[in-house]
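To start, the structure under review is shown below, and the notes come after it.
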Protein chains: 2
Amino acid sequence: MQDDASPAKAGYHHGNLKAALITAADEILRDKGIEGFSLREAARRAGVSVGAPAHHFGSANGLLTEVALLGYGSLGAALNAVAITEDPQEDLRALALAYVTFALDHPGRFRLMFRADLVNREDPRYAESSTRALSGFAAAITRKPTSTESGPMARIFLVWSLVHGMANLVLDDKAKYLFGGASPDAFVRQVLPDILARAWPSDATDV
Amino acid sequence: MQDDASPAKAGYHHGNLKAALITAADEILRDKGIEGFSLREAARRAGVSVGAPAHHFGSANGLLTEVALLGYGSLGAALNAVAITEDPQEDLRALALAYVTFALDHPGRFRLMFRADLVNREDPRYAESSTRALSGFAAAITRKPTSTESGPMARIFLVWSLVHGMANLVLDDKAKYLFGGASPDAFVRQVLPDILARAWPSDATDV
DNA sequence: CGGCAATCTGAACGGTGTATAGATGCAGGA
DNA sequence: TCCTGCATCTATACACCGTTCAGATTGCCG
């Protein structure tokens with residue numbers, strides 16, 4: 001993605017503006033978060049005029065949709081990088097940690113991915129991209145024996161809710177009200193693993 | 001709050017502008033959501049010039065902080081309205097349902113309450129207001145026996161994460177990818193109670 | 001009843017997204 | 001090789017936004 005951003009040729013025609021704008025937008029998200037994003041700054045970083053992005057993306061929504069799709073790709077990669085063990089509970093703990101870590105490492109991307117007002121979910125790639133990102137969770141949950149007769153969707157929803165809630169609370173710096181003034185990063189590294197180990201012990205049979 | 005908004009006197013001086021602006025802002029959140037809010041429109045709805053709010057709140061941040069504090073008050077009221085039974089698990093299910101229902105009934109307020117960039121958390125009333133709102137959860141969790149030796153803070157964090165994650169996923173219309181195209185409202189009324197019953201059965205001893 | 005301080009106005013500045021008319025230059029056909 | 005069509009990009013304009021500030025207004029207190 002980095003290389004795609006370099007102009008194929010300098011001059012009136014950028015040569016690779018679409019990719020350059022996507023990269024620029026992603027970098028703004030990294031630098032200033034989702035609230036610091038502006039279409040004009042993306043154009044500025046790509047070295048083009050304010051109206052140029054409209055031709056490729058129609059609107060800011062169109063550009064951010066592309067970034068969100070990349071975001072789901074990177075989340076999926078982060079989750080798939082978690083080694084699969086023979087203990088589904090262990091896998092769930094590792095996936096949960098990876099999920100929260102991703103949110104903390106890429107807060108801009110993560111927040112964008114869930115913003116229905118900024119991302120065009122009608123894009124046919126959206127459902128596929130977001131579903132694939134969570135396929136690791138789905139697999140671990142289906143592999144995991146359960147004592148309840150809950151359907152797989154209900155179980156996925158519960159697990160997803162838990163990790164998504166943890167990610168959001170930590171990202172919004174709400175955990176500090178419960179665990180002292182520890183930084184979000186320290187919390188995830190030092191406290192969260194313990195919490196997960198007790199939430200999903202390897203000998204449990206819940207959900 | 002509604003009555004506080006009516007001007008004590010018409011004329012150059014509004015008479016009760018501070019309360020009127022808070023009401024106007026809350027109504028904008030109800031009508032157009034957090035992204036549709038603007039300080040200028042709040043001034044417009046209160047029938048006052050664009051610079052008037054600055055005197056009372058300093059900035060948009062200051063006004064929204066007041067609205068967020070009211071929001072935590074209304075969330076606390078919604079949670080405290082849940083009847084306390086002799087079954088802590090039953091209480092947790094009712095609280096969870098109330099939490100998600102509140103988020104769905106007041107999406108603008110709910111989203112604002114967790115926006116660190118829009119709300120001044122240094123305000124001394126903030127910590128008190130948000131802690132009190134969740135006191136019902138804390139009480140139910142402390143009353144609930146557990147088989148693990150997790151600390152109360154860890155247990156609160158887990159429960160809060162679960163309900164907060166559910167609220168956010170439903171609010172962001174993500175549940176539909178798991179449970180067909182059911183509207184968020186229908187999901188909360190028809191599907192969620194079942195899910196909660198299986199997540200926190202009355203005879204369980206987890207978390 | 002006079003003056004002070006709180007309150008509010010109105011205009012200005014720099015920022016935003018979007019629309020549109022016109023300039024530019026690449027690519028492919030004659 | 002020329003040249004024409006079309007995709008691409010520029011520049012400008014418009015309507016918003018938050019914040020600031022000098023000045024007008026008025027309630028209130030001495």
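Remember, it's a predicted structure, so these values are computed and weren't measured experimentally.
Donor-acceptor pairing under 3.5 Å is recorded for the side chains of A/D91 and A/T85.
Checked against the 6.0 Å centroid threshold, B/F137 and B/F157 do not count as a close aromatic pair.
The base of C/dG17 sits with one of its N or O atoms less than 3.5 Å from a complementary donor or acceptor on the side chain of A/R40.
Atoms CG (B/L118) and P (D/dT19) sit 11 Å apart, rounded to a whole Å. Per the geometry, CZ belonging to A/F57 stands 13 Å off P belonging to C/dT18, to the nearest Å. At whole-Å resolution of the value, CG in A/N16 and C1' in D/dA7 are 15 Å apart. In this entry the distance linking CG of B/L64 with P of D/dC17 reads 14 Å, nearest Å. Atom-to-atom, CD1 of B/I34 to C1' of D/dC17 comes out at 14 Å; the value is rounded to the nearest Å. The interatomic distance linking A/K18 (NZ) with D/dC9 (P) rounds to 12 Å, in whole Å. Counting to the nearest Å, the C1' atom of D/dG27 and the CG atom of B/L17 are 15 Å from each other. Straight-line distance from the CG atom of B/L21 to the C1' atom of D/dT19: 15 Å, rounded to whole Å.
Taking the six-membered ring where the residue is Trp, B/Y99 and B/F110 present perpendicular rings, their angle passing 60° and hence far from 30°.
You'll find that the side chain of A/S38 is closest to C/dG17, out of C/dG17, D/dT10, D/dG18. With C/dT9, D/dT19, C/dG17 as the choices, the nucleotide that has an atom nearest any side-chain atom of A/A60 turns out to be C/dG17. Here the side chain of B/V50 is nearest to one of C/dC8, D/dT19, C/dT18, namely D/dT19.
With DNA chain D read from its 5' end, the first of the two nearest nucleotides for A/G47 and B/R44 is the one closest to A/G47. Closest-nucleotide positions on DNA chain C for A/A54 and A/L39 were compared, and the one nearer the 5' end corresponds to A/L39.
Between A/H56 and D/dA7 there is no side-chain N or O to OP1 or OP2 distance below 4.0 Å. Between A/H55 and D/dT8 there is a side-chain polar atom (N or O) within less than 4.0 angstrom of OP1 or OP2.
Contact between B/V67 and B/A25 at its shortest, heavy atoms only, is CG2-CB, 3.8 Å.
No donor-acceptor distance shorter than 3.5 angstrom exists from the side chain of A/S129 to the backbone of A/Y72, with no hydrogens or angles considered.
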